[in-house]
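Side chains included, hydrogens not; waters and symmetry mates left out as well; all remaining heavy atoms used. Order of the sequence lines fixes the chain letters, A, B, ..., with proteins taken first and strands second; residue numbering starts at 1 for each chain.
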There are 2 protein chains.
Amino acid sequence: MNRLNRKVEYALMALKLMAQKRPGELTTAKEIAETTGSPFDATARVLQKMAQHKILRSEHGAHGGYVLVRDLSGVSLLELSQLILGAVKAAKCLQNMGDCELKDRCNIHSPISILNRKQEDFYKNITLGELLMERDRARTREVQA
Amino acid sequence: MNRLNRKVEYALMALKLMAQKRPGELTTAKEIAETTGSPFDATARVLQKMAQHKILRSEHGAHGGYVLVRDLSGVSLLELSQLILGAVKAAKCLQNMGDCELKDRCNIHSPISILNRKQEDFYKNITLGELLMERDRARTREVQA
DNA sequence: TCAAATACGCCTTTTTCAGGCGTATATGGT
DNA sequence: ACCATATACGCCTGAAAAAGGCGTATTTGA
Ligand code: SF4
Ligand code: SF4
C-alpha cells in the first residue's frame, strides 16, 4: 500500500552496511553515500537523527564517523520511522496538531482509529534485525512459494 | 506509519453510509458528499471506481444512484486501495514502470521485497466488513487494554 | 593550521495529492 | 419534446509534501 519514505530507505541502507562491518568499526556518511548511491546530505541527516536517538554513536572530526551501538533485533521499523519522520498516524485527525475539516461530520473515526492501532502494531513487530539480516531467506521464500 | 489516502477515506465513508441503508436502497453521490462533508467531485470519482469494480452498482439518470452489491466482509482494504490508487508497492523499484536510479547499488532490495510482501498480507487480511461494522468493538477494546 | 568529518538550519525544486471545471450520457417526470 | 437530475470521465490548476542542495559552525586528528 504505502510507499516507504526515501529517508527511511537511506537509513536502512546505512544500517545494513554498518551491520556488516566489524564491531566498533567506524563508517563515514561519505562512504555510505558513495557505496549506496544515495545523496550525501540526506544520508548525513538520517545518520544524525539515528545518532541522536542512540542507535548509532557518532565521532566528530577527522577520522570520525558512525558506529552501530544498538542490537538491530531490538529496533522496530516503527521506531525507526518515527525518529526519522516523526509520529505518522493513519489520518489527519490522529496526527499531532492535525486538524481535519471533516472531523464533525466524519463517520469513520473509529474504523480509522482501529486501523491506526493495527498498523502501529504491525510495524512495531517488524524488527530491523529480521528485516536486514536475511540469512537463508531465499530458501524460506522458495518453500513458501 | 503511513497516512491513509484521502480518496480511500471518502470511499470508506461512502461504504459505511451505504451499508447502513436498507438492502437495495439507492444512495446518490450528492447525498454522500453532503452528509459526510466530503467534496462532491472526489466522492463521485471513487464511487465510479467502485462501481467499475463491481463493489457497487450504479443507476443512471434521475433518481439514480449507487447501491452496495458485494458483501464488505469479502472486500479487503488492499483491494479497495488498489482499485482506487492502483497498485502501490513499498518502493519505487517494485512499482509498475518504476525506475529507481539507485537500483544497481542499492543493498536493501530483498529487505524491501520482504516488507512489501508483509504489507500486502497485512492489508489483505483487513476486511472492510470488520473495519466498518464495529459492533461491540468498544467492549472488545476494553478487554484488550 | 589545515583537512576531514559531524551538526544543523534554510531554501528551492520536484513530485504527489487534492479537487474543481467542462462536457457527454442516461433516465424519469412533466 | 423538454428539462431536471444523475452518473461518467477527461483535463487542468493549485496546494501540500517529499526530496535534496547550500551555507556555515563545530570538532578533532595530523
Ligand atoms: S476524514 Fe474523518 S478520519 Fe479522516 S482525518 Fe478527517 S476526521 Fe479523521
Ligand atoms: S532504493 Fe533500493 S529499494 Fe528503494 S527503490 Fe531504489 S532500488 Fe528499490
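Whole-Å rounding puts the B:Asp41 CG to C:dC17 C1' distance at 15 Å. Separating the CD atom of A:Gln52 from the P atom of C:dA7 is a distance of 8 Å, rounded to the nearest angstrom. Going from atom NZ of B:Lys92 over to atom P of C:dT14 covers 13 Å, rounded to whole Å. Look at CG on B:Asn2: it is 14 Å from P on C:dT16, rounded to the nearest Å. For B:Arg45 and C:dA18, the CZ to C1' distance is 8 Å, given to the nearest whole Å. The CD-C1' distance, from B:Gln48 to C:dA24, rounds to 12 Å in whole Å. Spacing between atom CD of B:Gln95 and atom P of C:dT15 amounts to 15 Å, rounded to whole angstrom units. Between the CG atom of A:Leu47 and the C1' atom of C:dA5 there is a distance of 12 Å, rounded to whole Å.
Remark: A:Ser58 is in phosphate contact with C:dA7, judged by side-chain N or O atoms under 4.0 Å from OP1 or OP2. For the OP1/OP2 pair of C:dG19 and a distance below 4.0 Å, the side-chain nitrogens and oxygens of B:Tyr10 include at least one atom meeting the criterion. When the side-chain nitrogen and oxygen atoms of B:Asn5 are compared with OP1 and OP2 of C:dT16, none of them lie within a distance under 4.0 Å.
The residue B:Ala29 sits close only to the backbone: its heavy atoms come under 4.0 Å of sugar-phosphate atoms, none of a base. Using a 4.0 Å heavy-atom criterion, one finds that B:Glu31 contacts no nucleic acid atom at all.
In this structure, NZ in B:Lys118 is found 4.0 Å from CD in A:Glu130, a value given to the nearest 0.5 Å. The line from CG of B:Asn5 to CG of B:Leu12 is 10.5 Å long, rounded to the nearest 0.5 Å. To the nearest 0.5 Å, atom OG of residue B:Ser76 and atom CG of residue B:Leu131 are 11.0 Å apart. A:Met18 CE to A:Ile55 CD1: the interatomic distance, rounded to the nearest 0.5 Å, is 9.5 Å.
Taking the 5' to 3' direction, DNA chain D first and last meets chain A under 4.0 angstrom from a heavy atom at D:dA19 to D:dA30.
Nearest to the side-chain atoms of A:His60 among the listed nucleotides C:dC10, C:dA5, C:dA7 stands C:dA7. Residue A:Arg3 has its side chain nearest to C:dT16 when only C:dT27, C:dT16, C:dG19 are considered.
Remark on DNA chain C: of its neighbouring residues A:Thr27 and B:Gly61, the 5'-side contact belongs to A:Thr27, judged by nearest-heavy-atom nucleotide. Nearest-nucleotide mapping onto DNA chain D: of B:Glu59 and A:Phe40, the residue sitting toward the 5' end is B:Glu59.
Using a 4.0 Å cut-off between charged nitrogen and carboxylate oxygen, A:Arg117 and A:Glu120 do not count as a salt-bridge pair.
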Query raised in the report: Can you list the steps and then say if A:Leu72 with A:Thr127 is a side-chain contact (heavy atoms from CB on, under 4.5 Å)?
Result: CA-CA 7 Å; A:Leu72 288 184; A:Thr127 76; over 6 Å; no

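Contact record, B:Glu31 with B:Thr27: OE1-CG2, 3.5 Å, taken as the closest heavy-atom pair.
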